[in-house]
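All heavy atoms count here, side chains included; hydrogens, waters and symmetry mates do not. Below, chain A is the first sequence line, B the second, and so on; all start at residue 1. Quick caveat, the model's predicted, so the values are computed rather than measured.
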Amino acid sequence: MQRVLNKAFFDRPTLDVARDLIGKQLCRRLESGKIIRARICGTEAYDGFEDRASHASKGATTRNVVMFGPPGRAYIYLCYGVHWLFNITTREKGYPAAVLIRAVEGVAGPGRLTKHFQISSSFNDQLLTRVGGLWVEDVDGEVSPTRIVATPRVGVNYAGAEWAAMPWRFVWEKQE
DNA sequence: TGCGCGATTCTC
DNA sequence: AGAATCGCGCAT
């Protein structure tokens, strides 16, 4: 039994969404029609106006405006002029927040992940809550919360000690 | 209008 | 340790 994560799933506190996305299945239908699925095992939350690590802390721009939009959409931006990074928006329209998808099983690293799934700017602001080119599915066998570890986010020291220290990164620590 | 740096990754 | 290389924020 599989179900597509709906808007209500993403219309919740960003930390809850980031944690609950661990173990969910990222799904992508390629141009060829082939469908790729892999479980999410690393996420990061970027939440609200005050989070200095978030693009949204400086206000809305052409790049980050999707973060201010409705939940359950793809926020994709070019990092270091080289890599596309894939986020999913959370919270209601007007409140800037998103979850960065850092890793899935077998593919570690947010830039590598988008390359593997062939995700680029064409998906920016696209709806993820229905089966199409890109969506997320729940799967049988819930992941035990005890296997999910919260740590500080990666590469955000520029945000200052307070925000850099927030344990808003979630990693699936598999036993064995 | 220009400059520095970033939610990274790969190679030397 | 450095390169690749595009946008944004902030200073000229």
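Taking the six-membered ring for Trp, A/His55 and A/Tyr77 have ring centres closer than 6.0 Å.
A donor-acceptor pair is defined here as one N or O able to donate and one able to accept, closer than 3.5 Å; no such pair exists between the side chain of A/Arg147 and the backbone of A/Trp172. The backbone N or O of A/Gly72 sits nowhere less than 3.5 Å from a side-chain atom of A/Thr129 that would complete a donor-acceptor pair. A/Asp47 contributes no side-chain N or O that, together with a main-chain N or O of A/Ala97, makes up a donor-acceptor pair within less than 3.5 Å. In this structure, the side chain of A/Arg112 does not engage the main chain of A/Gly109 through any donor-acceptor pair within 3.5 Å. Of the possible donor and acceptor atoms, none in the side chain of A/Asn64 sits under 3.5 Å from a partner among the backbone N and O of A/Met67. A/Thr114 places a side-chain N or O within 3.5 Å of a backbone atom of A/Trp84 that can act as its donor or acceptor partner.
Atom NZ of A/Lys58 is separated from atom C1' of B/dG4 by 12 Å (rounded to the nearest Å). The interatomic distance linking A/His55 (NE2) with C/dC10 (C1') rounds to 16 Å, in whole Å. If you take CD1 of A/Ile76 and C1' of B/dT8, they are 16 Å apart, rounded to a whole angstrom. Atom P of nucleotide C/dG9 and atom CZ of A/Arg52 are separated by 12 Å, given to the nearest angstrom. Atom C1' of nucleotide C/dC8 and atom CE of A/Met67 are separated by 15 Å, given to the nearest angstrom. Taking atom CG of A/Leu100 as the reference point, atom C1' of B/dG6 lies 13 Å away to the nearest angstrom. For the pair A/Asp51 CG and B/dG6 C1', the computed distance is 15 Å after rounding to whole Å. For the pair A/Asn157 CG and B/dT8 C1', the interatomic distance rounds to 15 Å; values are reported in whole Å.
Between B/dT8, B/dC10, C/dG9, one nucleotide has an atom nearer to the side chain of A/Pro110 than all others, and that is B/dT8. Which of B/dT9, B/dT8, C/dG9 sits closest to the side chain of A/Thr61 comes down to C/dG9.
A/Arg63 comes within contact range of the sugar-phosphate backbone alone, with a heavy-atom separation under 4.0 Å but no base atom that close. Within the 4.0 angstrom heavy-atom criterion, only backbone atoms of the sugar-phosphate kind lie near A/Leu78; the bases stay farther away.
Other residues, nucleotides and ligands contribute more than 12 heavy atoms inside 6.0 Å of the CG atom of A/Asp16.
Residues of residues 81-98 of chain A that place a heavy atom closer than 4.0 Å to DNA chain C, in numerical order, are A/Gly81, A/Val82.
Separating the C1' atom of B/dC10 from that of C/dG7 is a span of 22 Å, rounded to the nearest Å.
Stem regions annotated for DNA chain C: B:1-6 with C:6-11, B:8-11 with C:1-4, counting only runs of 3 or more consecutive pairs of Watson-Crick or G-U type with both contacts under 3.5 Å.
With respect to A/Tyr75, the side chain to side chain contact (heavy atoms under 4.5 Å, CB included) criterion is satisfied by exactly one of A/Thr90, A/Val65, A/Val99, A/Asn87: A/Asn87.
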